[in-house]
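Step one of this worksheet: look at the structure below.
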Amino acid sequence: QLQLVESGGALVQPGGSLRLSCAASGFTLDYYAIGWFRQAPGKEREGASCIGHSGDFTNYADSVKGRFTISRDNAKNTVYLQMNSLNPEDTAVYYCAAVKFGILFRQCLLKAAPYDYWGQGTQVTVSS
């Protein structure tokens, strides 16, 4: 069974940091692009960051650029999202998702539609 499991969500004060993890089971992430998406109450799901299958291409939404860093450790079959300088607008359920593009396509997309596999989400709450 192919699964993605997110972890690391928590309640954190403004200005704080969190690291989210996305672990895969039932398949290896080696040839998958991974995206981190988030959905706040009453808002549409939006792409926060993504990383290509080789790790040498990353993309960030303008709202998180300079604060969030995505990385992957294929040996651990895990992708991470380091989130710094968190603010209340970052409060959301964070989901990771995976899609296998052709091996020559080293990029990733911040749109949800192409992604085939999704985790169950992890809650991030930024509040004092």
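Contact of the M83 side chain with the L81 side chain is registered, since non-hydrogen atoms from C-beta on lie closer than 4.5 Å. Side chains of D116 and Y32 form no contact here, defined as non-hydrogen atoms less than 4.5 Å apart. A 4.5 Å side-chain heavy-atom check between T28 and N74 finds every atom pair outside the cut-off. R72 places none of its side-chain heavy atoms less than 4.5 Å from the side chain of Y80. In this structure, V79 and I51 have side chains that are in contact, with non-hydrogen atoms separated by less than 4.5 Å. Using a 4.5 Å cut-off on side-chain heavy atoms (C-beta onward), L18 and L86 make contact. For the pair F101 and L109, the minimum side-chain heavy-atom distance is below 4.5 Å. I103 places a side-chain heavy atom less than 4.5 Å from the side chain of Y31.
T125 and Q123 share a side-chain donor-acceptor pair at under 3.5 Å. R38 and S63 share a donor-acceptor pair across their side chains, judged by distance under 3.5 Å alone.
Ring geometry for Y94 against F68 counts as tilted: the plane angle lies between 30° and 60°, on a 0 to 90° scale.
Formation of a donor-acceptor pair under 3.5 Å by the N77 side chain with backbone atoms of F27 is found in this model. Panel note: side chain R45, backbone Q39; no donor-acceptor pair is recorded below 3.5 Å. With Q13 contributing its side chain and S128 its backbone, the two residues share no donor-acceptor pair below 3.5 Å.
Taking CG of L110 as the reference point, atom CG of N59 lies at 4.5 Å (rounded to 0.5 Å). In this structure, the separation between CD on Q82 and OG on S71 is 8.5 Å, given to the nearest 0.5 Å. The line from OH of Y95 to CZ of F37 is 12.0 Å long, rounded to the nearest 0.5 Å. Within the model, atoms CG of L20 and OG of S49 stand 11.0 Å from one another, a figure rounded to the nearest 0.5 Å. Put simply, NZ on K100 and CZ on F105 are 15.5 Å apart, with the number rounded to the nearest 0.5 Å.
Heavy-atom minimum distance, C50 versus G35: CB-CA, 3.9 Å. Residue G47 comes nearest to A61 through the heavy atom pair O-CB, 3.4 Å, listed as atom of the first residue, atom of the second, then distance. Contact record, V93 with G121: CG1-CA, 3.8 Å, taken as the closest heavy-atom pair. Between Q120 and V5, the shortest heavy-atom distance links the atoms OE1-CA, 3.8 Å.
The same ILVMFWY cluster, assembled from side-chain heavy atoms under 4.5 Å apart, contains both L29 and L2.
At a threshold of 4.0 Å, the pair R106-D56 counts as salt-bridged, since one of the basic side-chain nitrogens sits closer than that to a carboxylate oxygen.
When each of W36, Y115, Y117 is checked for a side chain to side chain contact (heavy atoms under 4.5 Å, CB included) with C96, only W36 meets the rule.
Within 6.0 Å of NZ in K111 there are 12 or fewer heavy atoms belonging to other residues, nucleotides or ligands.
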Chi angles and distances behind the side-chain contact (heavy atoms from CB on, under 4.5 Å) call for S17, V12: CA-CA 7 Å; S17 297; V12 63; over 6 Å; no

Residues D73, T78; criterion side chain to side chain donor-acceptor pair (under 3.5 Å); working and verdict: CA-CA 5 Å; D73 185 341; T78 301; over 6 Å; no

